[in-house]
Amino acid sequence: MRRSTSRRPWLAEGPWAWLAAGGVALSLLMVIALLVLLAGRGLAHFWPQDIEAVTLEDGAQFAGQVVREQGLPGEVDGRERLYRTGNRDLQGAQWRWVDVADIDTRATPEDLVIVERRRWGPFIGRVVALEGPETRWTVEDGDTLWQQLDERLNRVSQLRSERDVVRTQYLEPLAERLANGEKVADDEDELQALKARIVNLQEAMQRDRVVLESLEGQQLTLTLDALIDVTRPNAMSLPAKLSSWGHNVWRFLSEGPRDANTAGGIWPAIFGTIMMVLLMSVLVMPFGVLAAIYLNEIAPQGRLTRLVRIGVRNLAGVPSIVYGVFGLGVFVYGIGGTLDSLFFADELPSPTFGTGGLLWASLTLALLTLPVVIVATEEGLARIPDAQREGALALGATRSEALRRVVLPMAVPAMLTGLILAVARAAGEVAPLMLVGVTKLASQVPVDGTFPFIHLERKFMHLGYHIFDAGFHGGDVESAMPLVYATALLLVLVILVLNLTAIFLRHTIRTRHRVRTH
Amino acid sequence: MLMADASPTPATLHEIVRDIPSTDRCFEIEDLTIAYGDKTALSGLSLHVPRHRVTAFIGPSGCGKSTLLRAFNRLHDLNEDVARQGRIVLEGQEIHAPEVDVADLRRRVGMVFQTPNPFPMSIYENVAFGLRLQAALPKRRRDEVIEWALESAALWDEVKHRLHESALLLSGGQQQRLVIARTLAVQPEVVLLDEPASALDPISTLKIEELIRNLKSHLTLVLVTHNMQQAARVSDYTAFLEEGELIEYGATDTVFTNPRLARTENYITGRTD
Amino acid sequence: MIDRYPPPAPVRRRFRDLRDRLFTLLVGACGIGVILAVLAIGVFLFVEVVPLFGGDTPASETQATTEIDFESLWLPQQYPDYETPRYRWQANVLSEDDTPMFSLTPLAWGTLKAAAYALLFAIPLALGAAIHSACFMSRRLRHRLKPALELMEALPGVVIGFVAGLVLAPYVERHLVGALALVLILPLGLLVAGVVHSCLPATLARALSLSRAGLWLIPWLALLVALAMVMSPYLEVVWFGGDMRAWLEQQLGLDYAMRNAMIVGLAMGFAIIPTIYALAEEALSGVPDSLSEGAQALGASRWQTLWNVILPAASPGIFSAVMIGAGRAVGETMIVLMATGNTALMTLSPLDGMRSMAANIAIELPEAAAGGTHYRVLLLCAFLLFVFTFCVNTLAEIVRGRLSHRYRRLGGLA
Ligand SMILES: Nc1ncnc2c1ncn2[C@@H]1O[C@H](COP(=O)(O)OP(=O)(O)O)[C@@H](O)[C@H]1O
Ligand SMILES: [Mg+2]
C-alpha cells in the first residue's frame, strides 16, 4: 500500500500504531540505557582518574577526583560538584560537595598522588619524602623518588607473601598439631623460631616510611606496609593508564573485599557463586532429565500426566522466595537439624548443618531450576520424531536401548539448553539465598586444603547478594557504589553470556542434528 | 466393465488361504481386530503370508494397511490406546504369547517406513546399530556383516569410501536403502515395507523394487504400496483391503488381471463409484 | 549379490529384558520421586501453616504467643497505643510487654499495590511492543528482537533493584517534574514522529518505515527523555514555585518517599515487560493469517484489522500473558526490597513506599524463631504467594490451551 507523499494522510496507520511502535522503542531504550549505565560506571571505576587541585573563592585548597555534578535543588542554574577527597582520617569524611560557583581555579599538577591504604581508605595529596633506614629522598630527587618508592613497595609485598607462606604452611599446621597434643621434642622450639621469623618479617616490612602531605597542609607519615598502591594519575600517559586500568580490573576479580565491602575485590563472591552454581548443576541435571524422561517416554500419556506436566510448568512461575522458604523449613531446619542432632551433637547448640550453607543453597536452587530443566528437556524429547524411536525398536532394540542409544543423544543439546538457562537463572537469584546460606562476608571460602576439602555446611558469598548488601547495608554507600556497579556489570555479563549460549544452542538444534562419527 | 458385486463370503476367503500350503506359511493371521480407542481400524481379518514371497497390501488411504503391518512386529504395543483381538502366528509361534521376547521378535521381523529414518549417526554406525544390540562381535566380523548388508541393499559401491560420514548427508533414495541395509544386518526372517518408495524419485524407486525382488530368495517380504504398477511388478501375492476388511486376496496375476470383485477392479483401475 | 554369503544370525545378549525392566523401573521411580518432591512445596507450606489455626498454638519460648485467627490477620485490630482499630504489621517487639502485631492486610496491600503499579507501566509498553512486532514488523526484524527481549528477561532482579533503588530513585527525586512530564511528553513525541513521518519525502519515509520504527524511534525517545530532564528545573520553577515536593505536600497533602511505588512500578514493570511481551506476541502472531487477510481484503486498514479481528481473536492469549506477568510481579522479591522503603503503609499514592509479602519474608524470616508464631505467619505469607501464583499460572495455562485449540480450528476452517 504505497501512496504518494501528497496523498498520504497524517498518521497513515493511525495514532495507535505509532504508540505501539513506541512500546518497542522504549523497551529497547531502557535495556540499552541500563546496560550502558552498568558498563560505563562499572568500567570507569577502574580508570585512574585525574586528581584536581581545587582553589575556592575564599582561598581554601583541596584535592580530589570529580565524581559527578548535578543541579542544586530548587535552583535553575546553580550546580554543585561532588569530589572524592579521600583522607578520611584527616578530614573526617572522604566526600565533598562543592558549589561550582565557589570554585576559583582547577588544576591537575603532576605530583598529586592517590594512595591506597590498608586502613582509612585512600589518601589524596602529595608525597613529601621517602625515608629509608639510612637515606631520605624528597620531591627534589624527581624520578628517583618514584623509582625507589616502587622498588620498596615491591619489596614489602614480597616480604608479605613470604610471611603469609610461613604462617599458613608452617606455623598454623604446627600449632594445630600441638593443640591436638601430638608433641615431638623440638616442636616447641620450632614454633618459637617460626614466630620470631614472622616478627622479623613484619619489622622488615615496616622499615621504610613515606611522608605524605594533604593540600590542606596536614602531614602524615606511614610505614610502607600500610600502603597498597601509590599512583600519580595526572602524570600517567594513556598507555600507562590503560595498563593501570587492566591491573585494577584484575585486582577486582582476584582479591577479597576490604573496608566493609567498600573497597577491594570480589573474588570470594565470584568463587561462592561458581561453587554454588556448579553444585546446583550437579544436583539438578540428573534429576531434571530423569523426570523429563519419565514424563515424556515412560509415563502413560493420560490425563494425570497432563496435569502433572502443567503443574511442573507452573512451578517455574512460583516466586523464588517461596522456594527459599521451603529450603529453610525443609533443608535447613528439617534435614539439617536432624543431621546435627545425629552426627554433630557435640557441637550443639551451635548448628553445623542446621543453618544456611552451601549445600542447602545449592539444593534450594536446584529445586527452583528443576522445572526449567524438565521443561527444556521435555521439549527436546518431544521434538524427536517417533520415526527415530520406531526405527530403533524395529531393529530389535528394547525400549531402554532405543532411549539410551538414539533418543537421549539427540536430546543432549536440549538438555544443555535447559542446564544453561537453569544456571543463568540460579546465578541471578538472590532472594532464596538470603534464607538458606548466603552471607555478606565469609571468613572462609567453602573449599580449602583441610579434609573434606569442600565444606558444604559453610556459608558463602554471592555476587548478587554482594550487590544488595554493599549497596543497601554498608555505611558508606557512596564509596561502595562503584564496586556495586562493577559487580552488577560482572553478574549481568555472566548471565548474558550464558543466555546467549542457550539461545545459540537452541538455534542450532532446531537447524541440525548431532552427527556422531565412528 | 461392471460386474455384479457379490460380497465376499468366508468360503471364498478360505479358498485363497488354502492356496498356500501350511508348511509355506510365514504369518498366519486369524480374526484380527485392532481399534484405536473407539475407532476400529481392522475388523476380523484373516490371512496367511507365504514364506519367501513378496506379498503386497493395497487399498485406499486409511483402510488399515499400516495398522496391519505394524501388528506383525507388535509396534502397536507402544500405544496404550490400541486394543487388539485375534491371533498372529509367526512360524508356528503366537507372537503375543508371554514367553515371546518382543525385542527379538522385532529383530526377526524388520520394518522399513515410508519416510527414510536413518539415525543421526555415521553410515557405518547406522548399519552397526542393530548388531551392537546383540552379543558383541569382533570388529572384523562386524565389518564383514556391514559390508554384506550394504552390498545386499545395493548401496556399498556408493558409500564404501564415506562410511564414517553422517547418514543424513545421503540422498533420500540412498537413505532408504541404508535403512534396508540396517534392517538386513540383523538377519531378519521377514521385512515389512510400508510404502518404502512413496517419498522417492523414479530411479530410486526402481532400485528399491529390484532390491525387493532380489531379497525374496532369502526373506519373506510384505509390501504396502499405493502404486498399482509397483505391486504388479514386484509382488507374488496381493491383498486388497478396504475400510479395515480384507476384500480380495490371491496371486498377483489373478488379482490384477481377473479380480473376483467389482470393488477390487474399480480400485485397481482407478474408477470411483 | 545377496547370495554371496548370508552371515550367521546374531547371538542374543543376555539379560536384555531384565535390564530393560530395571531401567524403566529406575527412571520411573526417580521421575515420580522428583516430581513429588517438587510438588511437595505446596504440601509443606500447608502443613506448616495449619498449626497457626489449630486451637493450641505451640508456645515458643522466645516470643510472646499471640492469638492468630482469621480476624486478627485480616481485620483491623484494637492495639493499646491507638484509639481506633487499625491494621498493623510489627513483628519484632522492642520491649518485653509489647505484643507483636500480625496484620497481613498491609502486606497484602503492599504486594498488590506494587504489582498494580508494575502492571500499569508494563501492560501498555509490553502490549504495544507485542502488537507492533506481531503486526507491523518484518519477520526478520522480529527474529532479531526476540533474543534482545529474552536477554532483558534474564536480567537479575537484584541488578534492576539496585539501579532502581540507588540510581533511579535519587535521580527521579531530583528531576521529579521532568519524570512526571515524560508521561505526557513521550506519547506526544511519538505522535509528532508519526506526523513528521507522513510529511517526509517518499524515499526517506521508506527508509524510516513504520515496520522499523521500533529502532529509529530509540534516539528520538532518548532525546525527548534528555530534554525533559534538562527542562525539569525550569518547569519546576514555572509550575511549582521551584519545589514540587513542597507543592505536593501543601496542595495535595502527599508525602514524597524517595523509594516509592512509582519507582517500583518502573523497575518491576521493566522486569515483567519481556514476559508479557513474549506471550502476547505469541498469541498475536498465532492468529491464523486467513482471518486478517479476510479483513484486509474487505478494505480494512492494518490497524482496523488488528483492532476488530486480531485482538479479539488473541484476547485470551493476551489475558493469560498479563496474568503470568501479574504472577511474576506479585512474587518478585529483590526489586521491591531494594526499590521501596519497606514500610508497611496502606495508601494508594504512587509517591509512598510499601512492604510486600515477599520482601517481608526475605527481611524477617532469617530472624524468626523456627516454629514460633512469627515464623508460621511468615510461612502463611509464602503459602499465600504460592497458592496465588500457582492458581494464576494454571488459569493462564488453561486459557492458553483453549486458545491454541481455537486457532487450530480457525486454521482448519480456512
Ligand atoms: N495412532 C492412531 N490413533 C488413532 N487412529 C489412528 C492412528 N493411526 C491410524 N489411525 C486410524 O486408523 C485407520 C487406519 O489407518 P492406517 O493403518 O494408517 O491406514 P493406511 O496405512 O491404510 O493409510 C485410519 O482411519 C486412521 O485414521
Ligand atoms: Mg499408511
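Below, read A as the first sequence line, B as the second, and so on, with proteins coming before strands; counting in each chain starts at 1.
- For chain C, the option among Arg313(A), Arg399(A), Glu297(A) with the highest count of heavy-atom pairs below 4.5 Å is Arg399(A).
- Residue contact with chain A, scored on non-hydrogen atoms closer than 4.5 Å, involves the backbone of Ala368(C) exclusively.
- At a 4.5 Å heavy-atom cutoff, Leu421(A) makes no contact with chain C through either its backbone or its side chain.
- Ranked by non-hydrogen atom pairs under 4.5 Å with chain C, the options Asn499(A), Val330(A), Leu367(A), Val312(A) are led by Val330(A).
- Contacts with chain A were tallied for Phe390(C), Phe44(C), Trp220(C), Tyr277(C); Phe44(C) has the most, counting heavy-atom pairs under 4.5 Å.
- Counting all heavy atoms, side chain and backbone alike, Gly471(A) lies closest to Leu166(C) at O-CD1, 3.3 Å.
- The candidate from Leu215(C), Val163(C), Leu168(C) with the greatest count of non-hydrogen atom pairs under 4.5 Å with chain A is Val163(C).
- In this structure, the portions of Val318(A) lying under 4.5 Å from any heavy atom of chain C include both its backbone and its side chain.
- Atom-to-atom distance recorded for Tyr294(A):OH and Cys30(C):SG is 12.0 Å, nearest 0.5 angstrom.
- Your options are Leu125(C), Asp20(C), Leu379(C), Val34(C), and the one with the most heavy-atom pairs under 4.5 Å with chain A is Asp20(C).
- Heavy atoms closer than 4.5 Å to chain A are found in the side chain of Leu186(C), but not in its backbone.
- For Leu145(C), the part lying under 4.5 angstrom from a heavy atom of chain A is the side chain only.
- Residue Leu489(A) does not touch chain C at all, counting heavy-atom pairs closer than 4.5 Å.
- In terms of non-hydrogen atom pairs under 4.5 Å with chain A, the most contact-rich of Val225(C), Ile273(C), Leu217(C), Ile398(C) is Leu217(C).
- With a 6.0 Å radius and a threshold of 12 heavy atoms from other residues, nucleotides or ligands, Trp307(C) has its CH2 atom at or below the threshold.
- Neither the backbone nor the side chain of Leu463(A) comes within contact range of chain C, judged by heavy atoms closer than 4.5 Å.
- No salt bridge links Glu401(A) with Arg19(C); every basic N to acidic carboxylate O contact stays at or beyond 4.0 Å.
- Heavy-atom neighbours of Phe383(C) CZ from other residues, nucleotides or ligands within 6.0 Å: above the threshold of 12.
- Proximity to chain C is limited to the side chain of Ile298(A), based on heavy atoms less than 4.5 angstrom apart.
- Contact annotation for Leu337(C): only side-chain heavy atoms (C-beta onward) come within less than 4.5 Å of a heavy atom of chain A.
- Put simply, CG on Asp17(C) and OG1 on Thr398(A) are 8.0 Å apart, with the number rounded to the nearest 0.5 Å.
- Heavy atoms closer than 4.5 Å to chain C are found in the side chain of Tyr323(A), but not in its backbone.
- In this structure, the separation between OG on Ser400(A) and CG on Leu25(C) is 12.0 Å, given to the nearest 0.5 Å.
- A side chain to side chain contact (heavy atoms under 4.5 Å, CB included) with Ile35(C) holds for exactly one of Leu295(A), Thr305(A), Leu370(A), Leu290(A); it is Leu295(A).
- The minimum heavy-atom distance linking Pro366(C) with Met434(A) is given by the pair CG-O, 3.9 Å.
- For Arg41(A), no part lies under 4.5 angstrom from a heavy atom of chain C.
- Within the model, atoms CZ of Phe468(A) and CE of Met338(C) stand 6.0 Å from one another, a figure rounded to the nearest 0.5 Å.
- Leu315(A) has its side chain within reach of Phe386(C): a pair of non-hydrogen atoms, C-beta onward, lies under 4.5 Å apart.
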Can you give me every donor-acceptor pair (side chain of residues 153-162 of chain C, partner residue at least two apart or in another chain, under 3.5 Å) with its distance?
unit_1: Glu153(C); atom_1: OE2; unit_2: Thr275(C); atom_2: OG1; d: 3.2

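- With a 4.5 Å cut-off on side-chain heavy atoms, Met137(C) and Val24(A) count as touching.
- By the side-chain contact (heavy atoms from CB on, under 4.5 Å) test, Ala358(C) is found to be paired with Ile321(A), Thr333(C), Ser356(C), Leu385(C), residues two or more places apart in sequence or in another chain being considered.
- Proximity to chain C is absent for every atom of Ala424(A), based on heavy atoms less than 4.5 angstrom apart.
- Of the listed residues Arg174(C), Glu397(C), His175(C), the one with more heavy-atom pairs under 4.5 angstrom with chain A than any other is Arg174(C).
- Residues Trp18(A) and Ala213(C) approach most closely at CZ3-CB, 4.2 Å, considering heavy atoms.
- In terms of heavy atoms, Tyr375(C) sits closest to Leu328(A) at CE1-CD2, 4.4 Å.
- Closest heavy-atom contact between Leu221(C) and Gly22(A): CD1-O, 4.1 Å.
- Both the backbone and the side chain of Ile41(C) come within contact range of chain A, judged by heavy atoms closer than 4.5 Å.
- Counting heavy-atom pairs closer than 4.5 Å to chain C, the top-ranked of the candidates Pro286(A), Ala291(A), Gly288(A) is Ala291(A).
- Proximity to chain C involves both the backbone and the side chain of Leu26(A), based on heavy atoms less than 4.5 angstrom apart.
- The greatest number of non-hydrogen atom pairs below 4.5 Å with chain C, out of Pro371(A), Gly334(A), Ala20(A), is found for Ala20(A).
- Only the side chain of Tyr333(A) comes within contact range of chain C, with heavy atoms under 4.5 Å apart.
- To the nearest 0.5 Å, atoms CZ (Arg404(A)) and CZ (Phe23(C)) are separated by 6.0 Å.
- For the set Pro432(A), Ala427(A), Ala431(A), Ala33(A), the count of heavy-atom pairs under 4.5 angstrom toward chain C peaks at Ala431(A).
- Heavy atoms closer than 4.5 Å to chain C are found in the side chain of Leu403(A), but not in its backbone.
- With values rounded to the nearest 0.5 angstrom, Leu190(C) atom CG is found 5.5 Å from Leu19(A) atom CG.
- Of the residues considered (Ala40(C), Ala37(C), Ala129(C), Gly331(C)), Ala129(C) shows the highest number of contacts with chain A, using heavy-atom pairs under 4.5 Å.
- Looking at every heavy atom in both residues, Ile361(C) comes nearest to Val325(A) through CG2-CG2, 3.5 Å.
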